Amino acid sequence: MNRLPWSEDDEELCHGGSAPPRKKLRLTREQSRLLEDSFRQNHTLNPKQKEALAKHLMLRPRQIEVWFQNRRARSKLKQTEMECEYLKRWFGSLTEQNHRLHREVEELRAMKVAPSTVTSTSSLTMCPRCERVTTAASPSMAASAKKALPLKEREH
DNA sequence: GAGAACTCATAAATTACATCA
DNA sequence: TTTGATGTAATTTATGAGTTC
């Protein structure tokens, strides 16, 4: 299978001399697959599990431990990247929404300046919860705002 | 009970090697 | 063949929790 060319005992023998060059093991596909399976079940191992896995994969327990440490780090990094992407998209949609609202404010101001063009009251609706008056002409905005917010913040 | 000293486990940061385009 | 980029195994360092005295 796939073991380091020297054992821990070898390293002890080397004391006094120069340390052996750090050799890097490449895990086989099968070893990686089993480690991934194990990681999916549990992100940490107890000593017994570690020992068993090491025996099964013909690796040292320390190598299993290191693999799990690195795997947790990779997993966390990926999670952070995903969250970052999500926040970027959210920020983008909020910016877009903000622009639309600014435009609408400008339109409403323009209407105020020219009262003859004011929307008839029948086209205005009032939100029963926040008691704000909105035009019925902009339901899409409400929908897009809803889309942009995460679930727990959609509560109006 | 409070706290210093120690051990152990884990995360985070870094290094170094293998592989590939 | 060389080289730079990339992935990742391995090492080092920092930190927190638990235990003992």
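Note that the coordinates shown come from a computational prediction; the quantities given were computed from them, not determined experimentally. Letters A, B, ... mirror the listed sequences (proteins, then strands); counts begin at 1.
One finds a salt bridge joining A:Glu85 and A:Lys88 here, because a Lys/Arg side-chain nitrogen approaches an Asp/Glu carboxylate oxygen to under 4.0 Å.
The two residues A:Phe68 and A:Asn42 make their nearest non-hydrogen contact at CE2-O, 3.5 Å.
Here B:dA11 presents its P atom at 11 Å from NE2 of A:His43, a figure rounded to the nearest Å. The nearest whole Å value for the distance from the CD atom in A:Glu65 to the C1' atom in C:dA10 is 12 Å. Between the CD atom of A:Gln31 and the P atom of C:dT8 there is a distance of 15 Å, rounded to whole Å. Straight-line distance from the CG atom of A:Asn46 to the C1' atom of B:dC8: 15 Å, rounded to whole Å. Distance NZ (A:Lys24) to C1' (B:dC17): 5 Å, rounded to an integer number of Å. Atom P of nucleotide C:dT8 and atom CZ of A:Arg29 are separated by 13 Å, given to the nearest angstrom. As a whole-Å value, the separation of A:Trp67 CH2 from B:dT10 P is 15 Å. A:Leu45 has its CG atom 12 Å from the P atom of B:dA11, to the nearest Å.
Judged by distance alone, with hydrogens and angles left aside, the side-chain atoms of A:Asn70 form a donor-acceptor pair with the main-chain N or O of A:Val66 at under 3.5 Å. Judged by distance alone, with hydrogens and angles left aside, the side-chain atoms of A:Thr95 form a donor-acceptor pair with the main-chain N or O of A:Phe91 at under 3.5 Å. Without hydrogens or angle criteria, A:Gln41 side chain to A:Ser38 main chain gives no donor-acceptor distance under 3.5 Å.
Heavy-atom distances under 4.0 Å link DNA chain C to A:Asn70, A:Arg74 of residues 70-84 of chain A, given in residue order.
Proximity of A:Arg71 to A:His43: side-chain heavy atoms (C-beta onward) are nowhere separated by under 4.5 Å.
Proximity of A:Gln69 to the phosphate of B:dA12: no side-chain N or O atom is located under 4.0 Å from OP1 or OP2.
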